[in-house]
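Chain identifiers are assigned alphabetically (A, B, ...) following the order of the sequence lines, protein sequences preceding nucleic acid strands; residue numbering begins at 1 within each chain. Since this is a predicted model, take the numbers as computed values, not measurements.
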Amino acid sequence: MAMHPFAYANANSLEEAAANLDGETRPLAGGTDLVALMKDGLVAPKRLVNLKTVPGLAGVVAHADGLHIGALTTLSNLASNPELQERRDLAALVEALEESATPQLRHTATIGGNLLQWPRCWYFRNPQVPCWRKGGRRCFAFQGENKYHTIFGGGPCFAPHPSDPSVALMALDASVLVVGPQDRDHRNGFRVVPLAEFFVLPRRDHEWADGYHPVTLLETDEIVAAVVVPQAADGARSAFVKVMERGAWDFALVSAAVSLTMDGNRVAASRVVLGGVAPIPWRANQAEAALRGERVSEDGVARAVRAAVADARPLGHNEYKVALAKQALAQAFRALA
Amino acid sequence: MPKIRKTKVEFEGRIEEREVIVEEEHVETWPRGATLRLVGKPTPRVDGVARVSGRALYTHDVQLPRMLIGRFLRSPHPHARIKAVDSAKAEALPGVALVWHRYHPAPIATLEGREIFPEEVAYEGAEVAFVAARDDRTAEDALALINVTYELLPFAFDLESATAEDAPKVLLDEGNWVSREGDVYQRGDVGTGLGDADEVVELTFTTPIASHCCLETHGSAASWEGDQVTVWHSTQSVFGTRSSVADALGIPMDKVRVISDYIGGGFGSKWGAEPYTLMAILAARETRRPVKAVLGREEEHLAAGYRPGSWQRVRLGAREDGTLTLIEHDAKVATGAFGGGGPVIGGPSKDLYACPNVRTVVRTSRTNADHARAFRAPGYVEGTFALEGAMDALAHKLGMDPLTLRMKNYAEMSPSRGGPYTFKGLRQAYEMGAERFGWSRAVPTDLPNGQGPWRRGRGIASQIWGGGGGPPANAIVRLLPDGTAELSVGVQDIGTGTKTVLTQVAAEELGLPLEAVRCIIGDTLPAPYGPGSGGSVTLASTTPAVRSACREVLRQVIALAAVMLGLEDASVDDFDVERGDIVYRKDPDRRLAFARVTAKMGDYTIVAKGARGPNPDDKAVNTFGAHFAEVAVNVETGQLRVERIVAVHDIGRVVNPLTATSQVYGGVMMGVGYATTEERIIDPATGLQLTANLEDYKVPLVTDTPAIEVLFVDVADTEANSVGSKGLGEPPIIPVAAAIANAVFDAVGVRVTDLPITPDRLLALLSRASNAGFSKEVE
């Protein structure tokens, strides 16, 4: 498939970049997903605005409201950040980063781009297949080859969200800082969106001009500037578990991130998120409710794990993901016990 | 003098008697235990630095002045009729040199009797149009401008759908079955075997479609000078390519030169001229510019072959003491739209064990896919998975140790040929492997059963393969005035280390240091005929020819030395070559340094040709091996870790332990992928391949690599050929999947009969077993 011609410009500032964006002008960060989509002829922007020339978009800075991770920070730089490495409350993020992709990809891919990935679904990625996510009429996976597809929240698209770090970040209650036009909810040019709202389940009325149904609520004239990880309560800890078919360079069959804050030996608060199972990182609210005020005992974990998958709706070939989700969660709890 | 002789040659499980011209002067076989200077010593690849430094030129690297790039438009449909092709816009695109398709055909429209651009396209990826343009991007743009009108036709995407009662036709004018009754082998009688059995096991297995995933995708480049064409072709057979190019073009062989200096993997998928080869050659002739056409990674999955998936049923019968009374092995495969015969899946069942009653059947169907190709031990990989899995189940049912059961049924003679082997070292392989692996010891205790989710288990599987090689194969050796030598052999090094072992053997024979021999391969121009590198024959076919040529060189050198020593009347046989000296045996003080003889030569070059002699009459030449696997299975997640493989092989004399070990590493890794992660998945609804990339088609990575321990029986097979060696290209992949699946059974008590062994499959089996209250003890 031929890559379409496009114009290319370096941006000097976020505002400048955002002002130029529309459906046909797209921002370029690491490019590990966008360029591949362009090469496969799946998207054909007329212009790319390179964000890597914008000063100050990479790196980690501590602010009053938490750590600000610049959207252009590469996954490898983020994983090796000394502050992240030290903090037990952020362990889930470091683990998720280190299990993502390959070293080569992690050196190029950015955290902002990672959150904005399109699904890896083999129907979506095949230019011959007019699937719903790309503006077609139906999901081909629903009754097709769906061993890697969703068990929660599916329909009309059943492709899971591919990002590992987003699962951890959601468990850490992170938000994104979005830059966009002044005229729309952007105080001082920014709006802050919790990840729990940022990722959106597939909806027929949520589509871009090219007919694609996006995975986040980011508009085509907005840019993710940073990820904000709030200060956790004292003693908070987190863990991430990823189950793959091979030892590396594989998207998660299932992943699980758990963040716990204890009150003595009982759970004061928890955030439990599953990856690889839903069109978005999937928050397991029932598991969190089941844990509240409980000990992290074998029984407590078992109850939480059962609650987490109570609403699972597997497809024809992915019943095993229900068992895997339970095990991944249980492993994450064991890591924190 | 050349003579015509009959000799038996085994190739990929089929034995044929060939009439061949042989001219080998008798070369004394290196005896067992012979003291050799270079052969048998770990020797780094002579071209290793060139390979790792990027200086080695692969077909992909060919860059010639004014070279055009050729690309194909391929069918996006599994089955369609082409109604119209509009290429006007593509032809008008600046930089496009030519566009060929059904309605604007190339000067030659067929290859090996098949239309290159047929009206009926029968698989996704079938060639629809060819473009040659100034560069890759222009060619891609041109492809996008070609408008094809397809009439979609029903398709059959797999074995089951192709062989169903009301199956859609794969090809409009052909039946879907290539062979419904199948290739049948039989000895004894199934009924007798059943009647004599105290215990019977019957299991059904399936194996996936596997892609070769050559690191260098298929490709060719062509350049004409007058009426002569040079073709660079990533191939396992430069001479096979020369014949097929000459045939396709209808020109004499001497007008065709084929070069394949370095090959980035073939594994059975790269042979003669292919559509891209012919198009590159024709476009080069038409445009008077060199043309290169190489496949992209997706095309490599769609149109460059695969190991067919299989359905297999194995029934074994045995007496209480383990003596086999019956092996019945029924297989079905789908080999694509132009389905050739099926692979020899019954081969292992025919020959691995002494059993009086054996029946194997391989039935073949078409499917709407590219044609299946040989893939590293075709048939034997699939067949061994089933047979050795069934043997494991039988051992369990009999309450016997799986190794004991195999020893009990050890075949001293070739079961299918009835005669002896030149040498069979399988018993030694079992013993060496068991010893190294610690087979008789309990499962290691650092990860005990019942603690945590991981369970450990161990399994074995064994293997038989050919690899004896045979004639014809030639070598030419030129001894230069400074005492160095050039060795020219008509083979190619597909990554196994061929160039290095040829150099070792020549230097050994000539008494020269390794550095003083330059080996020229991968080119039809300087070399006499050499075989294609398939069936693991390269080393066993060519190294004896090298010895023979070197002996002839020495005879000539000795004749000169005799004159220089004043021994004109002595016979050539009165001299030995020792440490670079030519020594008169009757009076060892009369000796002359090799270099002094060659120094006398002036501008004279000694040239000698050698040929591979015939194989021994009425003896089977085979390779054998045994693999011992240790795995860990997570009973909660269904994840499988292959922790350790001990691989022991009998390939006769090991010429280069370093490259041989490397070969086993590669084969084991490929087997681990086949067993645990690799699977081509085709969408039933659209007939499209969903795994035509290296993300969804999962080859194993470093993280998936077990500890691999490689041992060789290393006893020269002195009756096989004058070097005493047999091939190793294919053997190391053969028993891997079975050994792993058997180890999984040992670990968790479920018999995995469908590959690859992925978490979803293992979890389903584990859950079924626990629901049924099954345990290992009551399988």
Close side-chain approach of Leu28(A) to Val35(A), heavy-atom, < 4.5 Å: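 Contact flag for Leu28(A)/Val35(A) side chains = yes.
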
- prompt: Below 4.5 Å, heavy atoms only, C-beta onward: do Arg303(A) and Gln286(A) meet side chain to side chain?
  reply: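 No - every pair of side-chain heavy atoms lies 4.5 Å or more apart.
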
message: Tell me which of these, Gln689(B), Lys698(B), Glu124(B), has more heavy-atom pairs under 4.5 Å with chain A than the rest.
response: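 Going by pairs under 4.5 Å, I would pick Lys698(B).
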
Heavy-atom pair count under 4.5 Å with chain A, highest-scoring of Asn693(B), Thr677(B), Leu640(B), Asp683(B):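 Most heavy-atom pairs under 4.5 Å with chain A: Asp683(B).
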
- prompt: How about His101(B) and Phe130(B): are their ring centroids closer than 6.0 Å?
  reply: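 Not close enough - the centres of the two rings lie 6.0 Å or further apart.
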
field: Aromatic contact, Tyr150(B) with His77(B) (centres under 6.0 Å)
entry: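 Yes: the rings meet the under 6.0 Å criterion.
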
Measure [X] against the heavy atoms of chain A and call it side chain, backbone, both or neither at under 4.5 Å.
X         : value
Asp696(B) : side chain
Leu143(B) : neither
Leu694(B) : both
Thr637(B) : both
Asn634(B) : side chain
Val642(B) : neither

query: Taking only heavy atoms into account, what residues of residues 98-105 of chain A are found under 4.5 Å from chain B?
result: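 Near chain B, by residue number: none.
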
query: Residue by residue, which of residues 115-126 of chain A have a heavy atom closer than 4.5 Å to a heavy atom belonging to chain B?
result: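 Arg120(A), Trp122(A), Tyr123(A), Asn126(A) fall under the 4.5 Å cut-off.
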
message: Under a plain distance cut-off of 3.5 Å, with no hydrogens placed, do Asp299(A) and Ser297(A) share a side-chain donor-acceptor pair?
response: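 Short answer, no.
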
query: Are Thr74(A) and His107(A) linked by a side-chain donor-acceptor pair shorter than 3.5 Å?
result: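 Note: Thr74(A) and His107(A) side chains miss the donor-acceptor criterion.
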
- request: Could you check which of Lys326(A), His317(A), Lys147(A) has the highest count of heavy-atom pairs closer than 4.5 Å to chain B?
  value: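 Maximum pair count with chain B is reached by Lys147(A).
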
query: Picking from Glu145(A), Met244(A), Lys321(A), which has the most non-hydrogen pairs under 4.5 angstrom with chain B?
result: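 Answer, by heavy-atom pair count under 4.5 Å with chain B: Glu145(A).
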
query: Can we say Arg334(A) and Glu636(B) salt-bridge, meaning some charged N sits less than 4.0 Å from an Asp/Glu carboxylate O?
result: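 Yes, this pair counts.
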
field: Asp250(A), part contacting chain B, at a heavy-atom distance under 4.5 Å
entry: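 It is the side chain, since no backbone atom gets that close.
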
- request: Go through the atoms of Gln331(A) and report whether side chain, backbone, both or neither lie under 4.5 Å from a heavy atom of chain B.
  value: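 Contact with chain B is through the side chain of Gln331(A) alone.
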
query: If you round to the nearest 0.5 Å, how far is CD1 of Ile146(B) from CG of Asp141(B)?
result: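 If I round to the nearest 0.5 Å, the distance is 11.5 Å.
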
message: For the CZ atom of Arg74(B) and the CD atom of Glu127(B), what is their distance to the nearest 0.5 Å?
response: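 One finds 4.5 Å between CZ of Arg74(B) and CD of Glu127(B).
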
message: For a side-chain hydrogen bond (donor to acceptor under 3.5 Å, both in side chains) check, start with the C-alpha distance between Asp370(B) and Tyr306(B), then their side-chain angles and the critical distance, and finish with the verdict.
response: CA-CA 8 Å; Asp370(B) 171 28; Tyr306(B) 52 90; over 6 Å; no

message: Please verify the inter-ring angle class for His213(A) with Trp132(A); under 30° counts as parallel, over 60° as perpendicular, anything in between as tilted.
response: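 Correct class here is parallel.
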
task: Mark yes when over 12 heavy atoms from residues, nucleotides or ligands other than Gln143(A) sit less than 6.0 Å from its CD; otherwise mark no.
output: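 Atom CD in Gln143(A) is not crowded, with 12 or fewer foreign heavy atoms closer than 6.0 Å.
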
Lys NZ or Arg CZ of Arg138(A) over Phe142(A) ring: under 6.0 Å, within 45°: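 No cation-pi geometry.
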
- request: Let me see the working for Glu630(B) and Arg456(B) under salt bridge (Lys or Arg N to Asp or Glu O under 4.0 Å), right down to the final yes or no.
  value: CA-CA 7 Å; Glu630(B) 186 172 307; Arg456(B) 264 212 176 117; 3.3 Å; yes

task: Decide yes or no on side-chain contact (heavy atoms from CB on, under 4.5 Å) for Leu688(B) and Ile682(B), but give the supporting numbers first.
output: CA-CA 6 Å; Leu688(B) 300 178; Ile682(B) 297 164; over 6 Å; no

